[in-house]
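For reference, the structure discussed in these notes is given below.
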Amino acid sequence: MSDGVVTAADVIVVGAGGSGLFAAVEAAELGRRVLVLEKNPKPGGTTNWAIGSLSSSASPMQAAIGIHDTPAAHFEDMALFHGGLLSRDNPELRKAFVENVPDTLRKLLDMGVVFFGPMPEPPHRAPRMHNVLPNSRAYAHALCRRARELGVDIRLNHRAHRLLTENGRVVGVEAVVDGALRRFFARRGVVLAGGDFSANPEMKRIYAGEAISRAGALVETSTGDAHQLALDVGAEIVNGDLVSGPQLRFVPPKINLMTMLPPSRFLALLMKWAMATLPQPIIRPFIMMFLTTVLEPQRKLYESGAILVNTNGTRFADECDKPQFAIPEQPRKEAYIILDSVLAKKFSSWPNYISTAPGVAYAYLPDYRRNRRDIYNVASSLGELAKKIGVPPDSLKKTVADYNQSPREGTPGLLQPPFIALGPVRSWVLTEGGLKVSPTMEVLSKSGGVIPGLYAAGATGQGGIILEGHGHHLGWAFTSGRLAGRAAAQHGAYR
């Protein structure tokens, strides 16, 4: 039952991730009173976990190095990433994105966000990938600061429960606050920016299938709440069967210096200077502190002879045949990568890297030994290694012995100590399905008509645009947030 508390604003934004914060800033810059409802105790959402690249044409950084690039060229090149998904892309949304993302980038620069680049990424015809410094938390830091300057009211620990409607128009949000239901009315519009639904097993099962439903989520609070709010008033999800992944990733560290760095402009500028002027051996260890927290191990590890074992110490799948679908069926839904000293030496230098962030750097085994001691275990025997990672020693020894009887073609097997275990690794997905929206981010009903007063942005509003290629997801999050916030702010007031 509601406790009767009512709050009013011009625009209400559900979600304080990158898209929601940008929507709030845009609406507030147009002079509107803005209220943000965030269910988590901190803002940032999935944006805080991103590598941090943003792809755009016509940027000041491109111009500074003599690159002439246009949104029209970006529009054409985005299609080259799509492959068989091109027929499922929405050209109107893609056009709205490429035409507006340059202004998004400039606004971030004006807020003090620091980038290095642009970096090349074929088939882009020009370098367009701009990478944030010192880490992706700089986005939410800058957006929150700007929102506070504009008087945006950000309410944490407020979970949206349902949309309020009058005569077919969305007029507000009912949210759970300290166990009670409270109503918040929006005079002009509500923007849904609650992220994806990768942490909602039932929604993943309905839209993407049983196998995907068992994979984990990078952000455990990405439960599709905002999608469901819109579905309840007649909206629909487009491309709900598409996902990024499943992919194997190392479990995140509990403590990491690079991700703990304050996302200050001074530190970012210092890092940018260092990356441009200091010798690579000096700055590389600092870059690795960040990269080894968020990246996936490469398939080449398994092709070269590494194996995956579960927490029972047994091998459960062909490592080169989609093991990410098998890991969710294992105990604790995790596994370990087993290498010997021969493989360890091989993956200590180019061209054999453990993981990479395109345009940034490559991470080798010594980088994980230095920066991820929590997932790096080494021992002189398999029995000792098993004890370190908590699996039955006899089981691991038998698993490796069986593998060595018939190792992967072209590899000698795992024969030479010391032996190394990397992990655990888990299987993660990001869902790509979003609410069907117009180019101005109005949420559309199943019949194609506008649901008055309702807008969506970011992963919630990704209804039809395909975002292959690095830097497009963040670019879309911020740009769609701007467009949604602007449209909601300019909508006629209902009372």
Side-chain angles (χ1 to χ4, degrees), residues 16-26 28-29 34 36 38 42-56 58-65 100-119 127-152 154 156 255-278 280 282-291 293-294 357 359-361 458 470-471 473-475 477-479 481-482 485:
S19 56
L21 290 171
F22 232 129
V25 166
E26 190 78 8
E29 286 183 341
V34 182
V36 179
E38 167 59 53
K42 294 191 294 186
T46 307
T47 299
N48 284 346
W49 287 94
I51 292 175
S53 56
L54 190 158
S55 289
S56 173
S59 77
M61 292 77 93
Q62 285 181 316
I65 56 175
N100 287 280
V101 70
D103 284 340
T104 299
L105 180 56
R106 281 189 283 271
K107 292 196 76 165
L108 287 167
L109 291 169
D110 290 342
M111 291 180 210
V113 178
V114 177
F115 296 89
F116 74 94
M119 310 298 293
R128 294 191 179 115
M129 186 166 56
H130 303 76
N131 297 303
V132 71
L133 292 172
N135 54 53
S136 59
R137 290 190 300 121
Y139 290 122
H141 178 77
L143 286 164
C144 282
R145 182 179 60 225
R146 179 60 178 152
R148 287 193 298 269
E149 292 172 352
L150 293 165
V152 173
I154 301 177
L156 304 176
I255 299 176
N256 180 265
L257 175 61
M258 183 58 93
T259 55
M260 291 174 63
L261 289 173
S264 70
R265 178 173 171 81
F266 172 78
L267 178 59
L269 290 171
L270 181 62
M271 289 180 64
K272 185 174 184 178
W273 171 85
M275 294 175 71
T277 58
L278 295 181
Q280 183 73 6
I282 294 177
I283 65 168
R284 190 178 184 280
F286 294 97
I287 297 174
M288 287 301 111
M289 287 181 190
F290 171 62
L291 293 186
T293 68
V294 297
V360 183
H470 292 89
H473 280 89
L474 273 182
F478 300 145
T479 300
R482 285 184 52 233

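Annotation: side chain of Leu54 is in contact with side chain of Leu108 (closest heavy-atom distance under 4.5 Å). Using a 4.5 Å cut-off on side-chain heavy atoms (C-beta onward), Ile65 and Pro118 make contact. Side-chain contact between Met61 and Leu105 is present, with heavy atoms from C-beta onward closer than 4.5 Å. With a 4.5 Å cut-off on side-chain heavy atoms, Val152 and Val36 count as touching. Residues Ser56 and Thr104 are not in side-chain contact: their nearest non-hydrogen atoms beyond the backbone lie 4.5 Å or more apart.
Between Lys107 and Asp110 there is no salt bridge, since no side-chain N of the basic residue sits under 4.0 Å from a carboxylate O of the acidic one.
Rounding to the nearest 0.5 Å gives a distance of 10.5 Å between NE2 of His473 and OG1 of Thr46. The structure places CZ of Arg128 at 15.0 Å from CE of Met119, a figure rounded to the nearest 0.5 Å. Taking CE from Met129 and CG from Leu474, the interatomic distance works out to 12.0 Å, rounded to the nearest 0.5 Å. Interatomic distance, Met111 CE to His141 NE2, rounded to the nearest 0.5 Å: 12.5 Å. The distance from atom CG of Asn48 to atom OH of Tyr139, rounded to the nearest 0.5 Å, is 11.5 Å. Taking CZ of Arg148 as the reference point, atom CG of Leu143 lies at 10.5 Å (rounded to 0.5 Å).
When all heavy atoms of Val101 and Ser55 are compared, the pair lying nearest together is CG2-O, 3.8 Å. When all heavy atoms of Trp49 and Ser136 are compared, the pair lying nearest together is N-OG, 4.1 Å. Of all heavy-atom pairs spanning Val132 and Ala138, the tightest one is CG2-CB, 4.0 Å. For Ala140 against Gly44, the heavy-atom pair with the smallest separation is CB-CA, 3.8 Å.
Listed for the Glu26 side chain is no donor-acceptor partner under 3.5 Å among the backbone atoms of Gly481. The backbone N or O of Gly17 lies less than 3.5 Å from no partner atom in the side chain of Thr47, so there is not a single donor-acceptor pair.
Between His130 and Phe115, the angle of the ring planes goes over 60°, which puts this pair in the perpendicular group of the 30/60° scheme.
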